[in-house]
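I have placed the structure first, in the form of structure tokens, so that the comments after it can refer back to it.
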There are 2 protein chains.
Amino acid sequence: MNEINKIFEPKAIAVIGATQKTDKVGYVILRNLIDGRYAGQLYPVNPKYDEILGLKCYKTVLDIKKRVDCALIAVPAPAVPLVVKECGLKGVKGVVILSGGFEEVGRKDLADEIKKYAKEYNLAVIGPNCLGIYNPYNHVDSIFFPMYKLGRPRAGDISFITQSGAVGSVMLDLAAKYNIGVSKFISYGNGTVIDECDLLEFLGKDKKTKTIILYIEGIKKGRKFLKMINKVNKKKPIVVLKAGKGEQGKKAAVSHTGNLAGNYLAYKAAFRQAKVVEAQDVDELFNLMRIFSQPLATGKRVGVITNGGGLGVLTTDAIEKEGLELAEFDEKMIEELKKAIPPYVNARNPLDMAADATVESYEKTINLYLNNDKIDMVVVSVLFQTPTLDERLINVIGKAVEQRKKPIIVVTIGGEYTEVYRKIMESKEITTFTSPAAAIKTLRKFVEYSFYIRCKINKLCSFY
Amino acid sequence: MNEINKIFEPKAIAVIGATQKTDKVGYVILRNLIDGRYAGQLYPVNPKYDEILGLKCYKTVLDIKKRVDCALIAVPAPAVPLVVKECGLKGVKGVVILSGGFEEVGRKDLADEIKKYAKEYNLAVIGPNCLGIYNPYNHVDSIFFPMYKLGRPRAGDISFITQSGAVGSVMLDLAAKYNIGVSKFISYGNGTVIDECDLLEFLGKDKKTKTIILYIEGIKKGRKFLKMINKVNKKKPIVVLKAGKGEQGKKAAVSHTGNLAGNYLAYKAAFRQAKVVEAQDVDELFNLMRIFSQPLATGKRVGVITNGGGLGVLTTDAIEKEGLELAEFDEKMIEELKKAIPPYVNARNPLDMAADATVESYEKTINLYLNNDKIDMVVVSVLFQTPTLDERLINVIGKAVEQRKKPIIVVTIGGEYTEVYRKIMESKEITTFTSPAAAIKTLRKFVEYSFYIRCKINKLCSFY
């Protein structure tokens, strides 16, 4: 475990296979470390160059006189084992092997050599065949996509373990776009040495990680994995996307990382038993990843406020479909609502304030919903495009979210203007959605997890 | 029918309830007509003003000496019937009533008066309680949301009939964002006079409309509606989103437009019988709305090309889940593929060219897929964030789409950089998706519709 941490907190990094060719992995990662303002020592390694990007270049890692904590390796597969051995000899603590060409193309022999050296030198090894790691706290970054193409998110508390670099990186890119904070990103590829179980254990103990996002295709140790997700998910929510479900999907998975995807039903059973939250695709993974910034739900009664009637109807449909409940209003609540809304608005749930709703009417009604103990969570569905609304509404919602009384989410759909508002909201940790169905589905899964955790506290055990 | 067209092709428009108050409907629509460069005559009507936005203002529509084809009405509900009557007396052909406060709040009496005058003066009436209409061909626009808040899409061939202004307008806003062309937009609210059946008939005959997007909650004439969707869907695809499905949703629907939402199972049966394409939410509606620019599918065998292994696995899972098929490659195809890709790439479907795929390898393999008659449609899944790709890939895909040999769609997910590429692609009529599951679900529904239409041509009747 200490070794894994060395990869994330290195004082000195060697980039082995660094190059001056700008579209190569060995160039892009060195460039990203410099542009990203990584503050530690950087040592490019390549026998062909004396200097790369203004840094002295070394023939081998053994030629570096100072200490090296971590090596990022981007040399062709056949050359990797020797490089790993040299890292061991040098006393490097951990390596990240970005190169592909191992188990996934039938070169188990090369993978076995890496394993051997990892054991011999007590080396932490991430990869091969991966994007490696990203730590926004210190800008350690082995993702070989240029920064202008793939955004790097700010520091926060969501961590990623992903067998697919593509799936992981698009999640990072989305997090950067919406200014969502990330703790640690680990694309571990073939998982030859360090696998998902090791990484789950590591992140389970990582103080900066509050939510774990996991993308897997095939795992190596079923029983250990089940034990691990059971253990970690009790402390921190694990959201998992399992790919390679069908027969064809399994074959594609083997060709991807060399791992057997196994029987999906067994995975599904394991996820259910451990009560980890399962996503069915990338968009759902993105939705679920943000919802855990909310306080746990105490029940399943939803209050809905909108200025778009159709959105209120669609939200209501989704609530019924997902097995949540539309909160019921008593006489007192109806009386209070009537004071807050124009006379032509029906004081009911969903509350449809129509297209002339103002920031003030949203503020009053949101507060009534927040303080009503028969409403467990609030869905604020906003058509920002109307003439009477403006960005003050974001502050109103932000203040409500800050109180952390109950989960509050926003559904808002639209073009450029609304997208700007959405970005502002996400940066203020207001969870937004662009479809009522997706919002409520996410909320339902969040409520299920809330019940699971609260069960241990106050016996509120069953969702249904 | 001719009367409905008058609303969309007016030479002169009266804005009744025009005002100088900038957050009011009567100001915003006048402003939008001016800013949108509507080229016909514009007559503001309001007894309180002599002039609004530089235009002479009239006390009543009867005071306008010249011909008026269409009136946009934004006065309080109780004043609407008299205004409608005056429009009839004036010889106006059609009116759009934006004001709310009729059936949806129990004022059936006011609605009945409108009906009476509509009949008496042979007036086409859209609304009340709606956003009205938008025609990008001549900038007729009654949508009372400011243009900087809600984008207006360019002219094209997708038309909208929506009972909810909110749902309809967000679709327009999304269309504007991605430069997707629209023919006619009709938010018809309570549907007091002109209802969904009249509008379906109208758009069925409209030469500029190729795809019809329909959002409904409750309809008035079930049998007529079933007959109409059967008839129109044979000529042009109808994509429908039905809201108000559950018990609570139905109540919300009545409170929204005063229409009974009825039994969803009956709707579902009607949609299946007529083979209209059903969407379950706004995001699915948006996805389905764009897929019909593709040539009809001739089968259900999908070819997948990607540079993101995990995306390939997820796409394969979705293909199996949705009942489509992963196309099989024969020896000849494998040999040809091998010439187009580096030796370490497996020549199989899904084709995972890994993170160093180039524009050239995409070009070669896309062409092989296009010309392989055992592939009915192509999914190009692109991680644009890699160092080796650039915008030339958009031209490669664009050329493939232009050939119209088979459906080709793109899956691409990411932040700001990828979103720019996505906008360029959509503006070139390359259909894009941000989730493999959503892409394949949309494709499956498209294939079902394709089979339905082709059934009449070549007996290829059954999807399953």
Side-chain angles (χ1 to χ4, degrees), chain A residues 23 28 100-101 105 145-146 148-151 164-167 169-170 173-174 176-177 215 217 243-246 248-249 252-253 255-256 280-283 308-314 316-317 320 326 344 346 348 350 352 354-355 383 385-388 413-417 434-438, chain B residues 23 28 100-101 105 145-146 148-151 164-167 169-170 173-174 176-177 215 217 243-246 248-249 252-253 255-256 280-283 308-314 316-317 320 326 344 346 348 350 352 354-355 383 385-388 413-417 434-438:
Chain A
D23 64 346
V28 179
V105 292
F145 297 162
Y148 70 90
K149 290 191 172 188
L150 185 96
S164 159
V167 172
S169 64
V170 301
D173 206 4
L174 284 166
K177 179 179 179 186
Y215 170 91
E217 291 174 3
K245 287 173 178 148
Q248 299 293 337
S255 169
H256 180 215
Q280 291 301 330
D281 200 359
V282 182
D283 46 2
L311 299 175
V313 180
L314 287 170
T316 305
D317 280 345
E320 290 187 86
L326 204 64
Y344 52 85
N346 288 318
R348 58 189 306 285
D352 171 14
L383 196 68
Q385 294 94 330
T386 67
T388 43
I413 315 163
E416 302 290 1
Y417 176 85
T434 57
S435 125
Chain B
D23 64 347
V28 178
V105 292
F145 298 161
Y148 71 89
K149 290 190 173 190
L150 185 96
S164 158
V167 172
S169 63
V170 300
D173 206 3
L174 284 166
K177 178 178 180 187
Y215 170 92
E217 290 173 5
K245 286 173 177 147
Q248 299 292 338
S255 168
H256 180 213
Q280 291 301 333
D281 200 359
V282 181
D283 46 2
L311 299 175
V313 181
L314 287 169
T316 305
D317 280 346
E320 291 188 86
L326 203 64
Y344 53 84
N346 287 318
R348 58 188 306 283
D352 171 13
L383 197 68
Q385 294 93 330
T386 67
T388 43
I413 315 163
E416 302 290 1
Y417 176 86
T434 57
S435 124

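The figures that follow rest on heavy atoms only: side chains count, while hydrogens, waters and symmetry mates do not. No experiment lies behind these values; they were computed from the predicted model shown. The chains referred to below are lettered A, B, ... by the order of the sequence lines, with proteins before strands, and numbering in each begins at 1.
In this structure, the portions of B/Tyr148 lying under 4.5 Å from any heavy atom of chain A include both its backbone and its side chain. At a 4.5 Å heavy-atom cutoff, the contact between B/Glu320 and chain A is made by side-chain atoms alone. If you measure heavy-atom distances from B/Ile413 to chain A, the contacts under 4.5 Å come from both the backbone and the side chain. Contacts between B/Leu383 and chain A at a heavy-atom distance below 4.5 Å involve the side chain alone, from C-beta outward. For a residue to count as touching a neighbouring chain, one of its non-hydrogen atoms must lie under 4.5 Å from one of that chain's; by this rule B/Asp281 touches chain A with the side chain only. The contact between B/Glu416 and chain A is made by backbone and side chain atoms together, counting heavy-atom distances below 4.5 Å. In this structure, the portions of A/Pro146 lying under 4.5 Å from any heavy atom of chain B include both its backbone and its side chain.
Note on B/Asp317, B/Thr316, B/Asp23, B/Val170: by heavy-atom pairs under 4.5 Å with chain A, the leading option is B/Asp317. The most heavy-atom pairs under 4.5 Å with chain A, out of B/Gly312, B/Gly246, B/Ala176, B/Ala354, come from B/Gly246. Between chain A and the residues B/Arg348, B/Glu217, B/Gln280, the most heavy-atom pairs under 4.5 angstrom are made by B/Arg348. Chosen from B/Val28, B/Asn346, B/Val105, the residue pairing most often with chain A at heavy-atom distances under 4.5 Å is B/Asn346. Interface check for chain A: of the options B/Leu174, B/Asp283, B/Thr386, B/Val282, the most heavy-atom pairs under 4.5 Å are formed by B/Thr386. With chain B as the partner, the residue from A/Gly101, A/Ala253, A/Ser255 showing the most heavy-atom pairs under 4.5 Å is A/Ser255. Per-residue heavy-atom pair counts under 4.5 Å with chain A were compared for B/Gly308, B/Ser164, B/Ala243, and the maximum is reached by B/Ala243. Contact count versus chain B (heavy atoms, under 4.5 Å) is highest, among A/Ala355, A/Gly151, A/Gly244, A/Gly100, for A/Gly244.
For the pair B/Ser169 and B/Leu150, the tightest heavy-atom approach, listed with the atom from each and the gap, is O-CD1, 3.3 Å. Across A/Ala438 and A/Ser435, no two heavy atoms sit closer than the pair N-OG, 3.0 Å. Contact record, B/Gln385 with A/Phe145: O-CB, 3.3 Å, taken as the closest heavy-atom pair. Closest approach of B/Leu326 to B/Pro350, counting heavy atoms only: CD2-CD, 3.8 Å. Of all non-hydrogen atoms in A/Pro436 and A/Leu314, the two that sit nearest each other are CG-CB, 3.9 Å.
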